[in-house]
Amino acid sequence: MKLSKFFYTTLRETPSDATMPSHIFLMRGGYIKPLSTGIYSMLPMGFRVLKKIEKLIREEMIAIEGLEVDLPIVQTADLWSESGRYTAIGEELLRFKDRNNHNMVLAMTHEEAMTDLVRYVVSSYKQLPVMLFQFKTKYRDEARARGGLIRVREFLMKDAYSFHTSQEDLDKHYDLEYKAYQNIFRKVGIEPVVVQSDTGIMGGKVAHEFMLDTPNGEDYLIICKHCGYQANREIATFKRTAHTGNADLGKEKVATPNAESIDAISKLLNVEASATAKCVFFNFNGKLITALVPGNLEVSEIKLHNLLKAKDLIPADNESIEKCGMVPGFASPIGAHDTRVIIDSGLEDATDLVMGANEKGFHFKHCTPKRDFTDYEVADIAEASEGCKCPKCGKDLSETRGIELGNIFKLGTKFSSSMGATFLTPESKSEPIIMGCYGIGVGRLMASVVENSHDDFGPIWPKSIAPFQVEVVAIAKDPELLEVADKLEKELESAGFEVLVDDREERAGVKFKDADLWGIPLRIAVGKKGLANGQVEWKPRISKDMVLVNIADVLSKVKEFYQA
RNA sequence: CGGAAUAUAGCUCAGUCUGGUAGAGCGCUUGCUUCGGGAGCAAGAGGUCGUGAGUUCGAAUCUCGCUAUUCCGACCA
């Protein structure tokens, strides 16, 4: 491919709205072009990378006996009502009406459509197991798109769904998917951090997320460097050490004017934050939820959400807190009424705590939940953070950030039960199909590779997914140089390599800068000096320096380069 | 959905406070000179200053509404 015939653009300056390296370089290199918030066009350079990633993923899916299909993105509301998600999902699901006034949606994922397809085809255990996958555009009406391709509204996703007759069979396939994912990410140079994750509104029991460990990530991960425990902060657990003091002291009211925060109260009374209890309130189904965690920790809304099986969990207003006998800023369950009290397991055996006296300007000292609380539940509702103790080995946990590259879920029968996707067992018994689902965001992976592999000048694409394999740069418009470049192009292309030839009338500096932005693994520069000796310049994108090689040796060296 | 900011040439931005005929650099076109890491000179093309109202003799500039975009947070199969 001659650059003079290619459709491309490069930007000399960083677009003002780009902050992450992947966003900057994908824009500057002319891979993508924004059309609206979180909606991007792919230029040929970007499309080539995307297709390479797609091919690589497809190979791994086929290797575990996946069958490729293609399902619609425009779907009926009826289909989504069958699973209950038409109402369960919020505004992220884009709804609209067609000309016949039918309620329609743009698919944000394809569990319903896949389940519908499988119930149409499958009736017997003899037809199972089966795994179907596709590469398909999804639309999610994200509240906030960000970071170039990292979080977008419209995006290409590989989504796979497996269907089984037993949990054991699902478990077996799940492991295969797990390994296939490892292969995929390693092939693009990423060593993923695999964490246990929240199953959210997907239902199901077990789920893992494959994350890229990066400071630019939007998810928070809790990892144990000692034993390997890894979980998304949303669901990460940790070992509690309950605060204990003199359990014999009776509770004592003390004046604490203006000390409405944990910080203020611990300073005023000279106690550790962990020796206090933090009260957080939510409205759920018309009732007030009082959540209590050790003062040094935060309430995990996701954990609480899952515990209550809540669709909506709304922070409570002061009025409803007061109605239940508590005073915001000085609140505790002591003396409260008409509220469901949930205390974190870290408080269960705690003694001698400071907490609100439900009277403005006063706290109680020496509180002990087991003695002073009347009606309460104990649960894991505190959010894990840096320095908490590992639930497995008890050592310090660390916190890091990650970008979610892909996830795998054991769905179970959530969709098959609600949608009537059943099969007959050998005993002629009708049972719901057991399902799993497995996703990878293709565009996000493309951006993540850049996050993971770039220098100050541009992306450094792994050989597996680079837009081209070799870039031949003719340094000057000298016809003799162009002729050599053309010859190299033909020679390499006929050997099956993808070659980009920079035949523009540009100065060397411009061509080299652009080459860096395109990040092609191998750059071969044809210059006057080298040519005099029958040589060209050989420079892998990852190395700083170039070496001279004989023109006659180029093909064999390229072959060697791509075999290594 | 809360908080903040921005919107002027293809890109990056100045001009707005203090109202008076639209600016720079880069990019683009043409010519000459250069030619190994984003060259120089010269001549050009290119903008209803996001949008709608208002104030004013006069609005990119002041006022109000709207829209779009970005950042922080909430949300996120």
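Residue numbers begin at 1 in each chain, while the letters A, B, ... track the order of the sequences. All figures in this text were calculated on a predicted structure; none of them were measured in a lab.
Relative ring orientation between A/Y438 and A/Y174 is described as tilted, the plane-to-plane angle lying within the 30° to 60° band. Classified by interplanar angle (parallel below 30°, tilted 30° to 60°, perpendicular above 60°), the ring pair A/H454/A/F25 is tilted. Between A/Y8 and A/F6, the ring-plane angle classifies as parallel under the 30° and 60° cut-offs.
Listed for the A/D198 side chain is no donor-acceptor partner under 3.5 Å among the backbone atoms of A/E234. Using a distance-only test at 3.5 Å, with no hydrogens or angles considered, a donor-acceptor pair links the side chain of A/S453 to the main chain of A/I460. Of the possible polar contacts, none joining the A/W80 side chain to the A/V105 backbone as a donor-acceptor pair under 3.5 Å is found. Side chain of A/Y178 to backbone of A/H208: no donor-acceptor contact under 3.5 angstrom is found.
The list of side chain to side chain donor-acceptor pair (under 3.5 Å) pairs with a residue in residues 537-549 of chain A, not counting sequence neighbours, reads A/D455-A/R541.
Using the Watson-Crick or G-U wobble rule with both distances under 3.5 Å, B/C71 pairs with B/G3. Base pairing of B/U48: no nucleotide in any strand meets the Watson-Crick or G-U wobble criterion (both distances under 3.5 Å). Across the strands present, B/G38 finds no partner; the criterion is a Watson-Crick or G-U wobble pair with both atom distances under 3.5 angstrom. Using the Watson-Crick or G-U wobble rule with both distances under 3.5 Å, B/C17 pairs with nothing in any strand shown.
Heavy atoms of A/R153 sit nowhere under 4.0 angstrom from any nucleic acid atom. Within the 4.0 angstrom heavy-atom criterion, no nucleotide atom of any strand lies near A/T9. No engagement by A/E209 is indicated, since no non-hydrogen atom pair under 4.0 Å with the nucleic acid exists. Among the atoms of the strands shown, only primed sugar atoms or phosphate atoms (P, OP1, OP2) are found under 4.0 Å from some heavy atom of A/P15. Across all strands shown, A/K528 has heavy atoms under 4.0 Å from base atoms, whether or not it also approaches the sugar-phosphate.
A/Y220 has its OH atom 8 Å from the P atom of B/A74, to the nearest Å.
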At a cut-off of 3.5 Å, list every protein nitrogen or oxygen paired with a nitrogen or oxygen from nucleotides 4-7 of chain B, distance to 0.1 Å.
none

Considering only nitrogen or oxygen atoms on both sides, find all protein atoms under 3.5 Å from nucleotides 41-44 of chain B and state each distance.
none

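On the C1' atoms, B/A53 is 34 Å away from B/A45, given to the nearest whole Å. Nucleotides B/A22 and B/G46 have their P atoms positioned 15 Å apart, rounded to a whole Å. Using atom P as the reference point in both B/A74 and B/G3, the two lie 15 Å apart (nearest Å). Between the C1' atoms of B/C62 and B/C17, the separation comes to 11 Å (whole Å). Look at the P atom in both B/C41 and B/A68: the space between them is 43 Å, to the nearest Å. With both ends at atom C1', the span from B/A7 to B/U48 equals 16 Å, rounded to whole Å. With both ends at atom C1', the span from B/C57 to B/C11 equals 38 Å, rounded to whole Å. A gap of 27 Å separates the P atoms of B/G19 and B/C66, to the nearest Å.
For the pair A/R523 and A/F512, the cation-pi criterion (under 6.0 Å, within 45° of the ring axis) is fulfilled.
Distances were taken from every side-chain heavy atom of A/R144 (C-beta onward) to each of B/A39, B/C75, B/C71; the shortest belongs to B/C71. Out of B/A39, B/G36, B/C13, the shortest distance to the side chain of A/E537 is found at B/G36. Here B/G36 is the nucleotide among B/G37, B/G36, B/A39 with the atom lying nearest to any side-chain atom of A/K529. Closest contact between the side chain of A/M546 and the listed nucleotides B/C75, B/G38, B/G36 involves B/G36. Checking B/C13, B/A74, B/G36 against every side-chain atom of A/A143, the shortest atom distance belongs to B/A74. Listed nucleotides: B/G37, B/G38, B/G73. Nearest to the side chain of A/L517: B/G38.
Residue A/R504 places no side-chain atom within donor-acceptor reach of the base of B/G38, judged by atom type and a 3.5 Å distance cut-off alone. Side-chain atoms of A/R507 come within donor-acceptor range of the base of B/U34, with a qualifying N/O pair under 3.5 Å.
Ring-centre distance between A/Y31 and A/W461: below the 6.0 Å cut-off. Aromatic pair A/F210/A/F185: centroids less than 6.0 angstrom apart.
Within 6.0 Å of CD in A/E298 there are 12 or fewer heavy atoms belonging to other residues, nucleotides or ligands.
A heavy atom closer than 4.0 Å to some atom of RNA chain B occurs in A/D17, A/R28, these being the qualifying members of residues 17-32 of chain A.
At a cut-off of 3.5 Å, with distance as the only test, a side-chain donor of A/T10 or A/D514 sits close to an acceptor on the other residue. A/S83 and A/E112 share a donor-acceptor pair across their side chains, judged by distance under 3.5 Å alone. A/T400 and A/D213 share a donor-acceptor pair across their side chains, judged by distance under 3.5 Å alone.
When each of A/G148 and A/K539 is assigned the nucleotide of RNA chain B bearing its nearest heavy atom, the one mapping closer to the 5' terminus is A/K539. Of the residues near RNA chain B, A/E91 and A/A508, the one whose nearest nucleotide (by heavy atom distance) lies more toward the 5' end is A/E91.
The salt bridge (charged side-chain N to carboxylate O under 4.0 Å, His left out) check on A/D503 picks up nothing, with sequence neighbours excluded.
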Per-nucleotide protein contact along nucleotides 22-29 of chain B, 5' to 3', at a 4.0 Å heavy-atom cut-off (B base, S sugar-phosphate only, - neither), is ---BSS--
